4 protein chains.
Amino acid sequence: MGPGAGGGSVEARAFALGQLIARAGWVLLTGGRNSGAMDAASRGAKTVDGSIVIGVLPTDHRTRDVSDAVDIAIFTGMGEARNVINVLSSDVVVALGADTPGTASEVALALKAGKPVVLVDSTEEAIRFFVSCGPALVRVARDPTDAIAQVHDLLTALTA
Amino acid sequence: MGPGAGGGSVEARAFALGQLIARAGWVLLTGGRNSGAMDAASRGAKTVDGSIVIGVLPTDHRTRDVSDAVDIAIFTGMGEARNVINVLSSDVVVALGADTPGTASEVALALKAGKPVVLVDSTEEAIRFFVSCGPALVRVARDPTDAIAQVHDLLTALTA
Amino acid sequence: MGPGAGGGSVEARAFALGQLIARAGWVLLTGGRNSGAMDAASRGAKTVDGSIVIGVLPTDHRTRDVSDAVDIAIFTGMGEARNVINVLSSDVVVALGADTPGTASEVALALKAGKPVVLVDSTEEAIRFFVSCGPALVRVARDPTDAIAQVHDLLTALTA
Amino acid sequence: MGPGAGGGSVEARAFALGQLIARAGWVLLTGGRNSGAMDAASRGAKTVDGSIVIGVLPTDHRTRDVSDAVDIAIFTGMGEARNVINVLSSDVVVALGADTPGTASEVALALKAGKPVVLVDSTEEAIRFFVSCGPALVRVARDPTDAIAQVHDLLTALTA
């Protein structure tokens, strides 16, 4: 999860995360739109053979808004309520820059649902707040590689 | 789409439909539960190498209710509102026995969204009603093989 | 519940239904839009002192689309998924002309949720289909006055 | 909006807020459950003659979970996705103790939807985070009386 309107450094991080998620053999689920972190992560994943990218979209039909790198588009027609679905359908939520309202809502909904969250590139304010909100569920990663290592640990714990 | 509590003949038809959908190289999307037409169609699809089955579930987390034959489970936590997502995310809706309320709601929502619907094993009452509701969108199939032929025509028309 | 694009006779019926619902002291819940049966029923209700009209809208914010006769607008931003909310929030569903896809989805969703439905001005095809779908839950009314009498009986039974 | 499991001081604040909202002649919209801030605010509002309390519930039918102080219950059957509806249907969101995940998701969704938010009894971490997230939309109130004064200003600005 990450901002729909990301700048260059956010997109580079998102691209790396998508690529590492696909290399780990995991399915990538994003918000599906053709912009920001969603699109960059999806494109990163599609550089890997056999990758699967699911996009859960706020809109109700296919338009140019859908990232070309999404393999399977789920159209909800439910606007931001699709954030709930993103979170419930994920085993672990990786949030890039959780200081925008949309991503912040996904982190908060993940904590409400009891899902582990890994924060990457968050501001100090976001880290302090979300750690206070869900101390047992929130982890902070230095960079995409560290995030993936932490996801690996969390998935191992979940399936143990 | 089809009844969650199907008897033997519904399930045999659903199994055949799932298998034919996968053989055609299409992604199968179902309601994802471990019962009735959803489960049978998903199991049919998984007899085919390389098949992809998406299950869009009414529940908010993985339980025994999820069909083992679902590859990717989307948890909505939204009950019957997930029927809207099923329909919006499908290019063509194949409805098996549209005379149960849940499946009937999916056919009606598909017509509202302008999606083509192929009815298989419907009652006379269901056929007459849905044809009156959406004459340009509803087709009636004799059996799974005929349904797949009609889906093929519809997809060709959609991408033309 | 009724068609968003109703002609004159549908709207006259809807207006009468709204007025009779308000006179009975019940809260009227509609789809909230400024057109067809929704708007006419809401306007009918507002001719009665002390009436309350709730509109559950598919959109996410107030526009000209909201009927002026709605007292309290619930904005869902969820498109047709709001039909589920309409039905779950009603004690009895009165459907006017259930042969349009949107209204048909509401009747089907009501039957799925176990809610009683009173059909007014339905076609023969709609009556036959929905009676076959939910024989214990569907009633057919001759006109708005008969519909209100049947709702009264149903509410008495529900609270008995 | 506020925590479903509130202690005594949160409930006293919520009760006061509900009462002041009703005295101002505004409709109170809450999450509708029979616990925490939702219930206390609703009970506060019902001490005022002519008050109207709307509860938008996560569940799909009436149970003991619904606050007795709710006048009109909207059943969504959509779990936390109803948080989106709460926010979209409010002109101003007053959040009590926004440091729990559910309330935090509502504040974030409100900011995403461009709605003004007044924080009462928030932690320092929550205030810093949400001000960084939506500087133009977030206000901090000292207590319920101050919160109502700020809502009054915001509503005056909205209708100007």
Side-chain angles (χ1 to χ4, degrees), chain A residues 1-5 31 33 36 38 56 58 74 76-90 93 95 97-117 119 121-138 140, chain D residues 1-5 31 33 36 38 56 58 74 76-90 93 95 97-117 119 121-138 140:
Chain A
M1 315 297 160
R33 290 177 51 221
M38 294 175 265
V56 179
I74 305 292
T76 68
M78 293 186 185
E80 297 301 312
R82 73 84 146 78
N83 296 0
V84 176
I85 301 172
N86 287 357
V87 156
L88 294 175
S89 302
S90 299
V93 172
D99 54 326
T100 55
T103 307
S105 76
E106 291 174 311
V107 174
L109 290 163
L111 299 180
K112 177 76 179 175
K115 298 279 179 178
V117 175
L119 300 176
D121 271 357
S122 279
T123 59
E124 206 52 49
E125 287 89 348
I127 291 171
R128 279 194 194 146
F129 175 61
F130 286 121
V131 167
S132 77
C133 235
L137 292 166
V138 173
V140 180
Chain D
M1 315 297 160
R33 289 178 51 223
M38 294 175 265
V56 179
I74 304 294
T76 68
M78 292 185 185
E80 297 301 312
R82 71 85 145 80
N83 296 0
V84 176
I85 300 172
N86 287 358
V87 156
L88 294 175
S89 303
S90 299
V93 173
D99 54 328
T100 55
T103 307
S105 77
E106 291 175 310
V107 174
L109 290 164
L111 299 181
K112 177 76 179 175
K115 299 277 179 177
V117 175
L119 300 176
D121 272 356
S122 279
T123 59
E124 206 51 49
E125 287 89 350
I127 291 171
R128 278 193 195 147
F129 174 62
F130 286 120
V131 167
S132 78
C133 236
L137 291 167
V138 174
V140 181

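Keep in mind the model is a prediction, meaning the values are calculated, not measured. The chains referred to below are lettered A, B, ... by the order of the sequence lines, with proteins before strands, and numbering in each begins at 1.
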Atom NZ in D:K112, atom OG1 in A:T103: separation rounded to 0.5 Å?
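One finds 7.5 Å between NZ of D:K112 and OG1 of A:T103.
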How far does CG of D:N83 sit from CD of A:E80, to the nearest 0.5 angstrom?
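Reported value, rounded in 0.5 Å steps: 13.0 Å.
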Who among D:A126, D:C133, D:G79, D:A98 has the most heavy-atom pairs with chain A under 4.5 Å?
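Top count of heavy-atom pairs under 4.5 Å with chain A: D:C133.
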If you count heavy-atom pairs within less than 4.5 Å of chain A, which of D:A110, D:A104, D:S132, D:G134 leads?
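So the answer, after comparing D:A110, D:A104, D:S132, D:G134, is D:A104.
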Between A:I127, A:D99, A:V107, which has the largest tally of heavy atom pairs under 4.5 Å with chain D?
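Counting heavy-atom pairs under 4.5 Å, the top option is A:D99.
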Please work out whether the ring planes of D:F129 and A:F129 are parallel, tilted or perpendicular, with thresholds of 30° and 60°.
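D:F129 and A:F129: parallel rings.
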Which atoms of D:A113 come close to chain A, meaning under 4.5 Å heavy atom to heavy atom: side chain ones, backbone ones, both, or neither?
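Neither part.
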